[in-house]
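Working notes, beginning with the structure itself.
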Protein chains: 2
Amino acid sequence: MRLKIYSVSRMFLRMTITPSTLFAALAHDIRLRCLMLLLRHDELCVCELTHATGAAQPHVSRHLAQLRELGLVADRRAGLWVHYRIHPELPAWVVAVLRETAAGVADQAPFTDDDQALSTMPNRPSAARCA
Amino acid sequence: MRLKIYSVSRMFLRMTITPSTLFAALAHDIRLRCLMLLLRHDELCVCELTHATGAAQPHVSRHLAQLRELGLVADRRAGLWVHYRIHPELPAWVVAVLRETAAGVADQAPFTDDDQALSTMPNRPSAARCA
DNA sequence: CGGTTATATGCGGTTGAAGATATATTCCGT
DNA sequence: ACGGAATATATCTTCAACCGCATATAACCG
């Protein structure tokens, strides 16, 4: 079964997450890396995720949109910045899968590098500045 | 990153399973259903998986081959039958992800139906018959 | 109202995973 | 060695996810 997660309207949020759609989301490099980053840091904005992954901004933004449409992440606008976080109402088994994955790959590339790049990011928009 | 799991030679088995390759494997309907069935039953042959899922035999066989090439399952030939099982040497976090998924979707379609179809399969090759 | 920064989306081209069908392979019984 | 059953693979076509780039939107500030 092919999975179409591009053109899901924002109106259909909170749809049930099926295993196939979840794993299709996790199968993509950038999407998985963003989720792993969001697991470790409560909230991150697009520029932080862009810096951490080293990917192009439209690339990150597009994949975040897919995660949002699937209901895996939630976003919060604060001024110019849009803060993403793991969706607070995920099914328990989805959270379990994410956490087991994070625990299993925490010490591998590129996940460690992403964390490193994030921590050394200059002019990082702190929560105090843009909340 | 695109994932190519078709043409991996059998010589390169036991390669490290990356999150991306794992989730790409789990993202496919038939592959996930086969894995969920194999989690509940120690060993199943192709005809059992074919019957349980209702898919065409070449279809099931091809996807089992992909799972084998990724190192997610192991196969054992016994006469005409080839028995598949979850690979006994999977990394702990991979097993954890599989188990959490199974626990989360056990009561959903099509997984319950697959189990039901398997249990009512006639002339099922028992382990005693073809081991 | 312009200018700047942060983020989102539209579009065309590429590519490779997936499906269907036919066919090959492997093994057993006789 | 032959036929049949279980499984694997080859080939072709299709189609949608992906990428890069350009551009649009949104919010803040003077």
Side-chain angles (χ1 to χ4, degrees), chain A residues 1-10 20-21 23-32 34 43-51 53-70 73 75-84 121-126 129-131, chain B residues 1-10 20-21 23-34 43-51 53-70 73 75-84 121 123-126 129-131:
Chain A
M1 174 174 50
R2 275 291 177 56
L3 298 170
K4 185 182 184 63
I5 48 185
Y6 260 29
S7 54
V8 177
S9 164
R10 293 193 69 159
S20 289
T21 53
F23 292 130
L26 302 189
H28 191 280
D29 190 62
I30 293 293
R31 289 194 296 262
L32 182 62
C34 287
E43 273 193 339
L44 293 173
C45 63
V46 180
C47 60
E48 288 173 313
L49 292 166
T50 299
H51 183 92
T53 59
Q57 177 270 323
H59 200 55
V60 173
S61 185
R62 155 139 300 162
H63 288 292
L64 285 172
Q66 297 180 222
L67 293 175
R68 187 187 53 221
E69 287 157 4
L70 280 175
V73 300
D75 61 339
R76 174 180 70 91
R77 178 136 221 159
L80 287 179
W81 294 271
V82 175
H83 296 264
Y84 283 88
M121 175 179 176
N123 297 333
R124 188 166 160 200
S126 67
R129 181 178 163 198
C130 52
Chain B
M1 174 174 50
R2 273 289 178 55
L3 297 171
K4 185 182 184 64
I5 48 183
Y6 260 27
S7 54
V8 177
S9 162
R10 293 192 69 159
S20 289
T21 53
F23 292 130
L26 301 189
H28 191 279
D29 189 63
I30 292 293
R31 290 195 295 261
L32 182 62
R33 287 160 71 186
C34 286
E43 273 194 338
L44 293 172
C45 64
V46 180
C47 61
E48 287 173 313
L49 291 167
T50 300
H51 183 93
T53 59
Q57 178 270 325
H59 201 55
V60 173
S61 185
R62 151 139 309 170
H63 288 293
L64 285 172
Q66 296 181 222
L67 293 175
R68 185 198 339 119
E69 287 156 4
L70 280 175
V73 301
D75 60 341
R76 173 179 71 90
R77 178 139 222 158
L80 287 178
W81 293 270
V82 175
H83 297 264
Y84 283 88
M121 175 180 176
N123 299 331
R124 187 166 161 200
S126 67
R129 183 180 162 196
C130 51

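Naming: A, B, ... by sequence-line order, numbering from 1 per chain. For the numbers below, each heavy atom of this structure counts, side chains included, while hydrogens, waters and symmetry mates do not.
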Interatomic spacing from [atom1] in [X] to [atom2] in [Y] - rounded to 0.5 Å:
{"X": "H83(B)", "Y": "R76(B)", "atom1": "NE2", "atom2": "CZ", "value": "5.0 Å"}
{"X": "R62(B)", "Y": "L67(B)", "atom1": "CZ", "atom2": "CG", "value": "12.5 Å"}
{"X": "T21(A)", "Y": "E69(A)", "atom1": "OG1", "atom2": "CD", "value": "12.5 Å"}
{"X": "M121(B)", "Y": "T50(B)", "atom1": "CE", "atom2": "OG1", "value": "8.0 Å"}
{"X": "F23(B)", "Y": "L32(A)", "atom1": "CZ", "atom2": "CG", "value": "6.0 Å"}

Starting at [atom1] of [X] and ending at [atom2] of [N], how long is that distance when rounded to a whole Å?
{"X": "H51(B)", "N": "dA6(D)", "atom1": "NE2", "atom2": "P", "value": "13 Å"}
{"X": "N123(A)", "N": "dA6(C)", "atom1": "CG", "atom2": "C1'", "value": "14 Å"}
{"X": "R62(A)", "N": "dC21(D)", "atom1": "CZ", "atom2": "C1'", "value": "12 Å"}
{"X": "H83(B)", "N": "dA8(D)", "atom1": "NE2", "atom2": "P", "value": "11 Å"}
{"X": "D29(B)", "N": "dA18(C)", "atom1": "CG", "atom2": "P", "value": "11 Å"}
{"X": "L64(A)", "N": "dT9(C)", "atom1": "CG", "atom2": "P", "value": "11 Å"}
{"X": "L26(B)", "N": "dA18(C)", "atom1": "CG", "atom2": "P", "value": "12 Å"}
{"X": "E69(B)", "N": "dT9(D)", "atom1": "CD", "atom2": "P", "value": "8 Å"}

Margin query: My understanding is that only residues two or more places apart in sequence, or in another chain, count here; which of them pass side-chain contact (heavy atoms from CB on, under 4.5 Å) with S61(B)?
Written below: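 S61(B) satisfies side-chain contact (heavy atoms from CB on, under 4.5 Å) with Q57(B) only.
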
Checklist line | Which nucleotide in dT9(C), dG19(C), dC18(D) has an atom nearest any side-chain atom of A65(A) | finding: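 The closest nucleotide is dT9(C).
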
Notebook entry, point to check: Can you tell which of dA6(C), dA8(D), dT9(C) lies closest to the side chain of W81(A)?
Noted result: dA6(C)

Hey, is the side chain of [X] poking within less than 4.0 Å of OP1 or OP2 on [N], counting only N and O atoms?
{"X": "H63(A)", "N": "dC19(D)", "answer": "yes"}
{"X": "R31(B)", "N": "dA18(C)", "answer": "yes"}
{"X": "Y84(A)", "N": "dA6(C)", "answer": "no"}
{"X": "S61(B)", "N": "dA8(D)", "answer": "yes"}

Notebook entry, point to check: When you match V82(B) and H59(A) each to their closest nucleotide on DNA chain D, which lands nearer the 5' end?
Noted result: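 The residue mapped nearer the 5' terminus is V82(B).
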
Checklist line | Non-hydrogen side-chain atoms of L44(B) and R124(B) separated by less than 4.5 Å | finding: yes

Notebook entry, point to check: Reading nucleotides 22-30 of chain C from the 5' end, what letters show protein touch, with B for base, S for backbone sugar-phosphate only, - for no heavy atom under 4.0 Å?
Noted result: B----BS--

